[in-house]
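It should be emphasised that the depicted structure is a prediction, and the values quoted were computed from it without experimental measurement. Throughout, protein chains are lettered first and strands after them, A, B, ... in sequence-line order, and every chain is numbered starting at 1. Below, each value reflects all heavy atoms present in this structure, side chains not excepted, and no hydrogens, waters or symmetry copies.
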Protein chains: 2
Amino acid sequence: MTETNEITQHDAVEQFILYWGDMGSQWGVNRSVAQIHALLFLSREPMNAEQISAALGIARSNVSNSLKELVGWKLIRRVPIPGDRREYFEAETDVWEMAMRIAQGRKEREIDPAAAALTACVEKAETEKNIDPVILKRLLDMQDFMATTNSWYEQMLRVPKPQLKTLIKMGDKVLSVLKIARKGT
Amino acid sequence: MTETNEITQHDAVEQFILYWGDMGSQWGVNRSVAQIHALLFLSREPMNAEQISAALGIARSNVSNSLKELVGWKLIRRVPIPGDRREYFEAETDVWEMAMRIAQGRKEREIDPAAAALTACVEKAETEKNIDPVILKRLLDMQDFMATTNSWYEQMLRVPKPQLKTLIKMGDKVLSVLKIARKGT
DNA sequence: CCGTTATTTCTGTAAAAAATGAAATAAATA
DNA sequence: TATTTATTTCATTTTTTACAGAAATAACGG
């Protein structure tokens with residue numbers, strides 16, 4: 001009694017899933033994960049693992065692991081369906097929210113560890129007596145850059161979405177409003 | 001007569017190269033490429049392929065290909081050394097410039113193709129007669145998001161570095177200056 | 001508890017990516 | 001033009017990652 005979800009009937013949906021899966025590879029996300037995300041992003045109803053497996057033709061176990069990863073990124077969430085003990089999942093469909101979750105995930109997984117590693121290097125460099133000052137400066141510059149952008153990011157995270165959108169939509173106009181000169185003004 | 005570059009003597013440098021290489025993997029950049037970049041980033045003198053190969057213990061051919069990739073990203077450039085017919089390379093050492101080059105590269109390789117694919121899907125969806133309006137809306141939302149952020153990015157690229165730094169350093173203070181309310185204000 | 005159904009973990013295999021060493025090409029000089 | 005030296009290309013091996021299918025575990029309903 002596995003209800004079929006007519007979503008995969010649409011050509012456009014199928015194409016989107018294919019493209020998205022492939023894009024994922026370029027991005028460092030594996031195809032299964034990206035495809036499942038694409039499917040759930042477009043599905044109007046939550047889906048269970050069995051349905052996803054059938055819709056995409058990928059192994060049930062693979063679906064299970066991929067779902068776990070997507071949950072880890074907070075791009076999908078479990079939704080309980082009354083009277084059904086299977087687990088259903090739905091995707092975050094607000095694209096801004098989605099982007100922020102991805103940014104957050106990448107920061108945690110990629111940026112933060114890099115920053116930590118860098119700190120360790122700087123510490124080591126500072127204890128080395130005959131360290132070349134040029135080298136030390138470059139490490140410090142990099143560290144400073146990371147600290148600055150990290151702090152910027154933290155602040156942006158705290159900005160409510162509507163204001164953030166306004167800001168983005170203003171683009172480089174903020175410069176003139178702030179009386180910061182920009183090229184060709 | 002391959003002059004040794006004493007740079008790899010420093011423990012801190014070696015550690016940085018190792019960390020950076022490993023970070024690269026997480027990032028979707030292969031280890032060789034990341035290590036070479038790290039090495040050149042810290043080296044005060046330009047280096048040739050032979051020296052790099054020796055310093056990192058990786059195959060000469062691998063160095064050649066990796067250098068080509070780094071040049072493609074504009075993270076390093078060839079520098080002619082008078083009286084030496086070998087090719088020498090040096091890295092961009094301004095971290096802001098470096099970040100912008102990486103951003104530009106990722107946009108071209110990851111974002112732009114995604115946007116194109118998305119456009120194709122939207123077009124297909126719009127021609128399908130019985131397309132679910134919810135699905136179409138989600139595709140359009142995504143497309144709109146991409147267009148917005150893309151335009152923002154283009155504008156930011158045109159902002160001269162010093163102003164950009166100012167802007168980043170201001171962080172969420174721009175909101176108050178622009179009279180856009182923010183949480184806790 | 002026992003049988004049933006859902007989910008996860010584990011193990012092997014297939015596919016993809018990275019890296020090497022050798023061969024080929026190109027560039028320079030003598 | 002022949003010879004040396006630098007660089008690139010190519011075929012092969014190694015390493016890593018993705019995936020499937022089976023087995024194990026867990027969750028529930030009778």
Go ahead and write out DNA chain C as dot-bracket, 5' to 3': ( ) for pairs within the strand, [ ] for ones crossing earlier pairs, | when the partner sits on another strand, dots for unpaired; Watson-Crick or G-U wobble, both distances under 3.5 Å. ||||||||||||||||||||||||||||||
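Looking at B/Arg101 and B/Glu92, a side-chain N of the basic residue comes within less than 4.0 Å of a carboxylate O on the acidic one, giving a salt bridge. The residues A/Glu154 and A/Lys107 are annotated as salt-bridged, a charged nitrogen and a carboxylate oxygen being separated by less than 4.0 angstrom.
When the P atom of C/dA18 is taken as reference, atom CG of B/Leu56 falls 17 Å away, rounded to whole Å. Distance B/Leu67 CG to D/dA6 P: 15 Å, rounded to the nearest Å. The distance from atom CG of B/Asp22 to atom P of D/dT16 is 11 Å, rounded to the nearest whole Å. D/dT8 atom P lies 14 Å from atom CD of B/Glu69, rounded to whole Å.
Annotation: side chain of A/Val174 is not in contact with side chain of B/Val174 (no heavy-atom distance under 4.5 Å).
The side chain to side chain donor-acceptor pair (under 3.5 Å) test applied to A/Arg85 returns no partner, not counting sequence neighbours.
Between the side chain of B/Glu128 and the main chain of A/Ala12, a donor-acceptor pair closer than 3.5 Å is present.
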Return a single string for nucleotides 1-13 of chain C, one symbol per nucleotide in 5' to 3' order, where B is base contact, S is sugar-phosphate-only contact and - is none, cutoff 4.0 angstrom on heavy atoms. ---BBSSBB----
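Nucleic acid contact for B/Ser25: none, since no nucleic acid atom lies under 4.0 Å from a heavy atom of the residue. Within the nucleic acid shown, B/Asn30 comes within 4.0 Å of sugar-phosphate atoms alone, with no base atom in reach, counting heavy atoms only.
Both A/Arg31 and B/Ile58 lie close to DNA chain C; mapped to their nearest nucleotides by heavy-atom distance, the more 5′-ward contact belongs to A/Arg31.
Side-chain polar atoms of A/Gln155 and A/Ser151 form a donor-acceptor pair below 3.5 angstrom.
B/Val29 and B/Phe16 fall within the same hydrophobic cluster, where Ile, Leu, Val, Met, Phe, Trp and Tyr residues are linked whenever their side-chain heavy atoms come under 4.5 Å apart, directly or through other members. With hydrophobic clusters built from ILVMFWY side chains whose heavy atoms lie under 4.5 angstrom apart, B/Leu178 shares a cluster with A/Met156.
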